[in-house]
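Atoms within a ligand are numbered from 1 in the order they appear, just like the ligands themselves. Reckoned from all heavy atoms, side chains included, excluding hydrogens, waters and symmetry mates.
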Amino acid sequence: MRQTKHRQTILDLLDQSHHALSAAQIHAALPEINLVTIYRNLEDFVKTGALTKLHFGKQEAVYEKQTAPHHHAICNDCDKVIHFTLDDQKLKKEFSLPGFDIKDIEITVRGKCLKKHQLRTKVK
Ligand SMILES: [Zn+2]
Ligand SMILES: [Zn+2]
């Protein structure tokens with residue numbers, strides 16, 4: 001079935017990319033699949049838990065393949081996203097809230113790359 005094939009193609013792309021992609025980026029890589037179909041599939045994957053949807057400020061939402069739970073650091077200048085893991089068991093203890101059972105912790109930190117931004121040309 002064609003629909004199923006598209007689903008797999010989208011998942012494969014996210015699998016290979018090793019970083020989160022927006023629907024527009026997926027569409028650019030897979031122009032044969034129309035954008036509406038891509039959006040619909042992405043939302044389905046989010047519902048089933050195959051993908052995680054991430055919203056970082058003003059950026060378009062990006063989707064990443066759910067591997068292990070992890071956290072994100074975002075550069076305020078270039079919107080680069082770094083994926084990192086922490087000792088979540090330890091975190092859960094640190095964050096303990098009275099009368100609240102923490103299931104998952106997802107941290108988003110913001111800062112600046114220490115290396116020069118290569119993708120950006122500064123206009124003076
Ligand atoms: Zn940066
Ligand atoms: Zn991530």
- Message: For the residue pair His6 / Asn34, report whether a side-chain donor-acceptor contact shorter than 3.5 Å exists.
- Response: no
- At the Zn ion (ligand 2), what angle lies between atom NE2 of His72 and atom OE1 of Glu64, rounded to 10 degrees? 120°
- Side-chain heavy atoms of Val81 within contact of Val62, under 4.5 Å: no
- Kindly state whether the ring of His83 and the ring of His72 have centres lying under 6.0 angstrom apart. yes
- Message: Quick one, Asp12 with Gln16, criterion side-chain hydrogen bond (donor to acceptor under 3.5 Å, both in side chains). Give me CA distance, side-chain angles, the key distance, then yes/no.
- Response: CA-CA 6 Å; Asp12 287 347; Gln16 288 153 18; 5.4 Å; no
- Query: What does the angle at the Zn ion (ligand 1) come to, between atom SG of Cys78 and atom SG of Cys113, rounded to 10°?
  - Reply: 110°
- Got a sec: is His71 within less than 2.8 Å of the Zn ion (ligand 2) via an N/O/S atom? no
- With the Zn ion (ligand 2) as the point of reference, which N/O/S atom of His83 is the closest? ND1
